[in-house]
Amino acid sequence: YQGLAGRSTYEVLQLYAAHGQQVKFQRSSVVTQLHGAIKKRLKQDLKSLHSLALELSKDFQRQSKTCLYQVLAAVQGIQLQNEAMQMFQIKAFDLEQSLQEVTERYEKEKQKRKALHNSLIELRGNIRVHCRIRPLLPFDDAAGHSQDRQRNFSEKVAYAADDETVLVKCSRPGHASVNKTFQFERVYNDLESQDAVFSDVAPLLTSLLDGYNVCIMAYGQTGSGKTYTMLGPQLEGNLAFAIEEESELGIIPRATQEVFRLISEKPPGSYWVEVSVVEVYNNEIFDLLAKDSCGKVFGVKRDVVTTREGKSDVPLLTHETVENASEFLHLVNKGLQLRVTHPTLVHAHSSRSHLVVTLTITTVVFGDNFGTLWEDEQSSQRLNKEASFTFPQKMRDNKSTSSSRASSPVQLEATEKMKQVKTRLQLVDLAGSECVGMSGVTGAALRETSFINRSLSALADVLGAIAEQRAHIPYRNSKLTHLLQDSVGGDAKLLVMLCISPGQKYLTESMQSLGFGTRARQVQRGQAKKKNFPVLSKGK
Ligand code: ADP
Ligand code: MG
């Protein structure tokens with residue numbers, strides 16, 4: 001058994017070995033198969049990879065070629081643009097140079113224009129008189145003088161014979177009627193519009209921005225159309241005027257619009273406008289824009305003084321800065337509601353005070369432009385008199401917001417070189433010029449009338465003194481003339497708008513007004529005779 005077991009074990013071992021060999025053999029044949037399959041697969045993959053790589057490289061080549069073309073095109077474009085840019089630079093340089101030349105030429109032309117405009121205005125007379133005859137109106141029918149009821153009061157006796165002549169038919173009971181004529185620079189008939197009246201006023205506003213003071217005043221009896229001409233039609237039962245009726249607006253609103261239009265053509269920020277509205281009543285000046293602590297407007301009495309430079313000034317007078325015409329109109333309308341009036345027999349809304357609306361235009365002039373901007377001697381003298389440079393509140397506020405940026409020494413120096421020059425436009429709606437008897441007033445109203453008459457004769461005296469070129473002009477004889485001093489005498493431009501009621505009923509008053517206008521015109525004639533008009537120097 002041992003032997004048998006040993007043999008069996010041996011056999012088992014052999015069998016094991018054989019089994020192992022068989023397993024080995026089997027395995028190696030699977031591996032070979034697998035190997036073969038893998039190899040085959042790898043070969044396939046490699047082939048496809050190769051073709052893919054080939055494809056990719058071809059694609060890459062194609063793409064890089066197109067990119068290259070694009071880059072080339074871009075480079076060419078840039079070169080072209082560079083050339084164009086250089087051309088533009090040269091052109092810009094040329095343009096800059098010609099702009100400078102044109103600017104210089106423009107400055108010269110501007111001076112010439114100013115001088116010519118001023119000579120034109122002076123040729124027409126620094127004081128000129130226009131006359132406007134209003135249409136006959138329903139209230140002209142009301143009876144006038146009690147002794148003279150038979151006469152036809154509404155009969156028209158004053159006409160515009162032509163553009164420069166007023167014809168008045170003067171008739172007295174029992175006498176043949178006599179025609180009298182009066183000549184003025186311009187006469188408007190009853191059909192002429194507010195627009196036509198203003199078109200003759202507008203050139204004066206050019207003078208205003210050229211540095212001359214201007215005054216436009218309406219003279220005439222109550223009801224003759226002064227307020228209509230200066231402001232426009234009055235609102236029903238209200239002293240304010242109708243702002244909405246554009247075509248009916250009078251000289252004051254139109255002049256303001258024109259001033260702002262002219263300013264809009266100038267460099268921004270170089271001009272600003274302040275407004276004051278005063279009333280001269282019983283030889284007292286009332287500030288119609290003064291406000292109480294609650295901000296309510298009420299008239300405060302002010303006084304007019306003469307400054308050391310010999311100019312008239314109203315200390316503490318309210319000046320409001322306005323930035324456009326509508327701001328101005330609302331402000332003036334507010335002031336107007338305070339006007340003192342007294343209903344006389346002539347007209348329910350007769351105003352018994354002089355209304356003076358003043359626009360003060362302040363111009364900023366830079367030091368460097370000083371010589372070129374104001375070539376004429378008078379203007380530069382005017383400029384040199386101005387000392388300190390003060391911005392109004394609104395401008396100061398604007399300045400402070402931009403000051404963080406404006407701190408370079410160059411800018412500071414520029415600020416120091418700035419000067420300001422002020423010119424004034426005074427627009428006056430005078431109180432009615434009628435005689436006491438005609439208006440039938442007594443008591444307080446009589447006092448008013450005598451103050452009005454005194455101030456109007458003071459105005460006539462001032463114009464007379466200017467005409468005779470007297471050394472002393474009696475501006476201070478009344479608050480009215482004192483207030484208007486700077487825009488009546490000297491090289492200031494004054495336009496008197498005579499307002500005439502055409503009816504027979506107002507004949508005496510109309511003749512008085514025409515007489516005043518004729519005397520005022522003598523001023524112009526007197527000046528024209530004595531004054532050598534400035535001939536433009538060769539340089540201009
Ligand atoms: P004044 O201010 O001289 O007292 P107003 O301007 O108040 O006179 O005019 C008196 C009246 O005549 C007003 O009703 C006004 O509307 C009217 N009026 C004046 N001028 C004209 C005119 N040119 N066309 C039409 N109405 C006018
Ligand atoms: Mg009036």
Side-chain angles (χ1 to χ4, degrees), residues 130-142 144 154 156 158-160 166 186-201 216-245 247-254 277 279-281 288 332-333 335-357 427-435 438-439 441 445 448-449 452 455-456 480 496-503 505-506 509-510 512-514 516-517:
H130 292 192
C131 177
R132 187 181 202 184
I133 301 168
R134 73 154 166 79
L136 273 177
L137 294 165
F139 64 78
D140 289 332
D141 277 335
S154 60
K156 204 168 154 175
Y159 304 87
V166 179
R186 179 74 162 84
V187 175
Y188 306 94
N189 65 38
D190 54 358
L191 298 175
E192 286 189 74
S193 65
Q194 299 279 66
D195 203 34
V197 173
F198 181 70
S199 66
D200 296 318
V201 172
I216 301 163
M217 58 169 73
Y219 183 101
Q221 71 173 125
T222 300
S224 61
K226 297 182 299 296
T227 307
Y228 179 85
T229 300
M230 291 309 288
L231 287 165
Q234 308 271 285
L235 290 175
E236 197 79 24
N238 195 335
L239 282 168
F241 59 100
I243 295 173
E244 283 73 27
E245 294 282 330
S247 64
E248 291 287 286
L249 287 180
I251 290 173
I252 294 180
R254 281 171 198 261
V277 182
E279 165 181 69
V280 185
Y281 178 65
L288 296 191
V332 171
N333 237 355
L336 283 181
Q337 323 231 343
L338 284 175
R339 262 186 109 177
V340 180
T341 55
H342 177 92
T344 62
L345 295 178
V346 177
H347 187 235
H349 284 293
S350 75
S351 72
R352 311 301 295 149
S353 63
H354 310 292
L355 173 78
V356 183
V357 177
L427 301 153
V428 191
D429 181 8
L430 290 170
S433 59
E434 58 275 2
C435 308
M438 176 70 170
S439 309
V441 289
E448 281 174 3
T449 309
I452 293 168
S455 57
L456 291 178
L480 175 72
V496 180
M497 186 68 73
L498 287 183
C499 293
I500 303 289
S501 309
K505 177 170 144 188
Y506 308 109
E509 296 306 329
S510 299
Q512 190 275 332
S513 294
L514 291 165
F516 176 90

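We count residues from 1, following the sequence as given. Ligands are counted one by one from 1 in listed order, and the atoms in each one are counted from 1 as well.
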Polar-atom distance check: K226 versus ligand 1, any N or O pair below 3.5 Å? yes

For R134, the ligand 1 atoms with a heavy-atom partner under 4.0 Å come out as 19 (C), 20 (N), 21 (C)

Minimum heavy-atom distance Y188-A196, with the two atoms named: CE2-O, 4.0 Å

Element-labelled atoms of ligand 1 that are located less than 4.0 Å from some non-hydrogen atom of Q221: 3 (O)

May I ask you to decide if A431's main-chain N or O and H354's side chain share a donor-acceptor pair within less than 3.5 Å? yes

N, O or S from T227 under 2.8 Å to the Mg ion (ligand 2): yes

Under the criterion side chain to side chain contact (heavy atoms under 4.5 Å, CB included), I'd like the reasoning laid out for S193 against S247: C-alpha separation, chi angles, the key distance, then a yes or no. CA-CA 8 Å; S193 65; S247 64; over 6 Å; no

Looking at R134, R132, R186, which one forms a salt bridge (Lys or Arg N to Asp or Glu O under 4.0 Å) with E192? R186

With atom 20 (N) of ligand 1 as the reference point, say which of Y219, Y188, Y228 has the nearest heavy atom. Y228

Any side-chain heavy atom of M230 within less than 4.5 Å of one from V428? no

Which of the atoms of ligand 1 are close to T222, meaning less than 4.0 Å from one of its heavy atoms? 4 (O)

A student checking ligand 1 against T227 at a 4.0 Å heavy-atom cut-off should list atoms 1 (P), 2 (O), 6 (O)

Kindly give the heavy-atom pair with the smallest separation between R352 and Y281, and that separation in Å. O-CD1, 3.6 Å

Contact atoms of ligand 1, heavy-atom distance to L137 under 4.0 Å: 11 (C), 12 (O), 17 (C), 18 (N)

Give the single entry among G232, S193, G223, A218 that approaches atom 10 (C) of ligand 1 most closely by any heavy atom. G223

For ligand 1, is M230 a contact, meaning one of its heavy atoms is under 4.0 Å away? no

Quick one: sort the Y219 and F516 rings into parallel, tilted or perpendicular, breaks at 30° and 60°. parallel

Can an N or O of D190 be found at a distance shorter than 3.5 Å from an N or O of ligand 1? no

Taking all atoms of both residues into account, what is the closest heavy-atom pair of C131 and I500, and its distance? SG-CG1, 3.6 Å

Taking all non-hydrogen atoms of both residues, which atom of I133 and which atom of A158 are closest, and how far apart? CG2-O, 3.8 Å

Heavy-atom nearest neighbour of atom 9 (O) of ligand 1 within options G225, P135, G250: G225

Just distances here: any N/O of S224 and N/O of ligand 1 closer than 3.5 Å? yes

